[in-house]
Amino acid sequence: WAEALEFLLAEMPRAKVLPDIVSFNASLSACEKLQQWSQVLDLFHLMPLVAIQPDIVSFCATMSSCEKASLWHKALGFFSAMPKA
């Protein structure tokens, strides 16, 4: 997971390829599956800073990561912040 994040955050921009919602969501999901909840939260909060708005996949991966880490209050906060359809 660490190499994938390095690729997303350093190598892609160095190659003049900007990360997009798909690459961020793939990274969020990978970190969530590996129970790297701190990395998930960091990535999620980074998205708006690089002009990428989190979507339903972003929110779901982040909430799932919080749930697996027993961070229920954070999961509920993300649920409340999730855009309504």
Side-chain angles (χ1 to χ4, degrees):
W1 64 268
E3 290 177 13
L5 290 183
E6 173 70 17
F7 182 77
L8 173 74
L9 300 175
E11 296 301 322
M12 285 181 73
R14 197 170 319 169
K16 299 196 181 358
V17 176
L18 296 177
D20 60 9
I21 190 71
V22 174
S23 55
F24 264 92
N25 283 344
S27 298
L28 286 169
S29 294
C31 289
E32 178 264 329
K33 286 176 180 39
L34 295 170
Q35 298 182 4
Q36 299 296 320
W37 64 268
S38 179
Q39 295 294 338
V40 171
L41 294 178
D42 289 346
L43 280 173
F44 185 90
H45 291 299
L46 176 64
M47 293 173 75
L49 300 176
V50 295
I52 297 173
Q53 289 304 315
D55 64 6
I56 190 74
V57 175
S58 314
F59 276 94
C60 286
T62 304
M63 288 186 295
S64 178
S65 183
C66 290
E67 175 267 325
K68 288 177 181 173
S70 296
L71 299 171
W72 294 102
H73 62 285
K74 288 191 180 287
L76 289 173
F78 284 107
F79 180 76
S80 296
M82 190 168 32
K84 306 300 181 238

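Heavy-atom minimum distance, M47 versus F24: CG-CD2, 3.4 Å. Here the closest non-hydrogen pair linking P54 and I21 is CA-CD1, 4.3 Å. Contact between Q39 and C31 at its shortest, heavy atoms only, is CB-SG, 4.0 Å. The shortest non-hydrogen separation linking L28 to V40 is CD2-O, 3.4 Å.
Considering CG of L46 and CD1 of I52, their distance stands at 8.0 Å, rounded to 0.5 Å. With rounding to the nearest 0.5 angstrom, the CZ atom of F78 is 12.5 Å from the OG atom of S64. How far OG of S23 is from CG of L18: 9.0 Å, rounded to the nearest 0.5 Å.
Within the structure, the salt bridge (Lys or Arg N to Asp or Glu O under 4.0 Å) test picks out the following pairs touching residues 6-23 (sequence neighbours left out): E11-R14. Within the structure, salt bridge (Lys or Arg N to Asp or Glu O under 4.0 Å) contacts touching residues 54-83 (residues at least two apart or in different chains) are E32-K68.
With hydrophobic clusters built from ILVMFWY side chains whose heavy atoms lie under 4.5 angstrom apart, M63 does not share a cluster with W72. Under the 4.5 Å side-chain heavy-atom criterion for ILVMFWY residues, no single connected hydrophobic cluster contains both L76 and L41.
Just one residue in the list L5, T62, N25 forms a side-chain contact (heavy atoms from CB on, under 4.5 Å) with L43, and that residue is L5.
A 4.5 Å side-chain heavy-atom check between L9 and P19 finds every atom pair outside the cut-off.
Side chain of S65 to main chain of A61: no donor-acceptor pair is present (N/O by atom type, distance under 3.5 Å, no hydrogens or angles).
Taking the centre of each ring, F44 and F59 come in below the 6.0 Å mark.
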